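What follows is a set of notes on a single structure, which appears directly below.
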Amino acid sequence: MMDFGFKLSKSSTIDLTDVKTDRFEQLCKQEPGARVCIGCGSCSASCPAASLSGMSMRKVLLAMQRGQDVRPMLRNCMLCGKCTMVCPRGLNTRNIILNICRQYD
């Protein structure tokens with residue numbers, strides 16, 4: 001067997017058949033705008049917490065769609081509302097974040 005200087009690694013694909021999206025579906029019932037996010041990153045660019053902690057509304061919604069726990073990401077949010085002001089889709093991101101936090105209470 002020839003050594004080409006690299007190794008094949010395990011696939012990083014996500015098996016969506018085992019993902020529990022009930023929290024995201026519940027969020028979409030409370031705040032239908034959660035499905036409208038296009039992931040442009042405007043929220044992250046304007047977020048004062050993003051440069052220090054990696055807080056990103058786009059990452060939060062993606063993680064929820066994948067059935068992951070988003071509480072560690074939301075702990076860094078200051079609810080300043082800058083993400084709401086710059087969103088090209090007009091999402092009420094503060095309301096989305098508050099609804100997510102209520103789900104974990």
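By convention here, the first residue in the shown sequence is residue 1. Computed from a predicted model, the values in this text were never measured in an experiment.
Here Arg58 contributes atom CZ and Cys43 contributes atom SG; the two are 7.0 Å apart, rounded to the nearest 0.5 Å. The CE atom of Met57 lies 11.5 Å from the CG atom of Leu62; values are rounded to the nearest 0.5 Å. The distance from the CE atom of Met55 to the SG atom of Cys77 is 4.0 Å, given to the nearest 0.5 Å.
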(request) Could you give me the CA-CA distance, side-chain angles and deciding distance for Leu91 and Thr84, then say whether side-chain contact (heavy atoms from CB on, under 4.5 Å) is met? (result) CA-CA 6 Å; Leu91 297 181; Thr84 302; over 6 Å; no
(request) I would like to know whether Gln65 and Thr21 meet side-chain contact (heavy atoms from CB on, under 4.5 Å); could you show each step before the answer? (result) CA-CA 6 Å; Gln65 290 171 348; Thr21 60; 5.8 Å; no
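Using a cut-off of 4.0 Å between Lys/Arg side-chain N and Asp/Glu carboxylate O, Asp69 and Arg71 are scored as salt-bridged.
Counting only heavy atoms from C-beta outward, the side chains of Ser42 and Cys87 never approach each other to under 4.5 Å. Put simply, the side chain of Val70 reaches to within 4.5 Å of the side chain of Ile100, judged on heavy atoms. At a threshold of 4.5 Å between non-hydrogen side-chain atoms, the residues Arg89 and Ile38 count as touching. Side-chain contact between Leu61 and Ile96: present, with at least one pair of heavy atoms (C-beta onward) separated by less than 4.5 Å. Between Phe24 and Arg66, the closest side-chain pair of non-hydrogen atoms is not below 4.5 Å. In this structure, the side chains of Arg35 and Glu25 come closer than 4.5 Å at one or more pairs of heavy atoms. Side-chain contact between Pro48 and Cys80 is present, with at least one heavy-atom pair separated by less than 4.5 Å.
Across Thr93 and Cys83, no two heavy atoms sit closer than the pair OG1-SG, 2.7 Å.
Under the rule for a side-chain hydrogen bond (donor to acceptor under 3.5 Å, both in side chains), the partners of Asn95 that lie at least two apart in sequence or sit in another chain are Glu31. When the side-chain contact (heavy atoms from CB on, under 4.5 Å) test is applied to Lys59, the partners found at least two apart in sequence or on another chain are Ser56, Met73. Partners of Arg102 according to the salt bridge (charged side-chain N to carboxylate O under 4.0 Å, His left out) rule, which considers only residues two or more places apart in sequence or in another chain, do not exist here.
Ser53 places no side-chain N or O within donor-acceptor distance of the main-chain N or O of Ala50, the cut-off being under 3.5 Å. Counting only distance, with no hydrogens or angles, the side chain of Gln103 and the backbone of Arg23 share a donor-acceptor pair below 3.5 Å.
A chain of hydrophobic side-chain contacts below 4.5 Å, direct or via other Ile, Leu, Val, Met, Phe, Trp or Tyr residues, connects Val60 to Tyr104.
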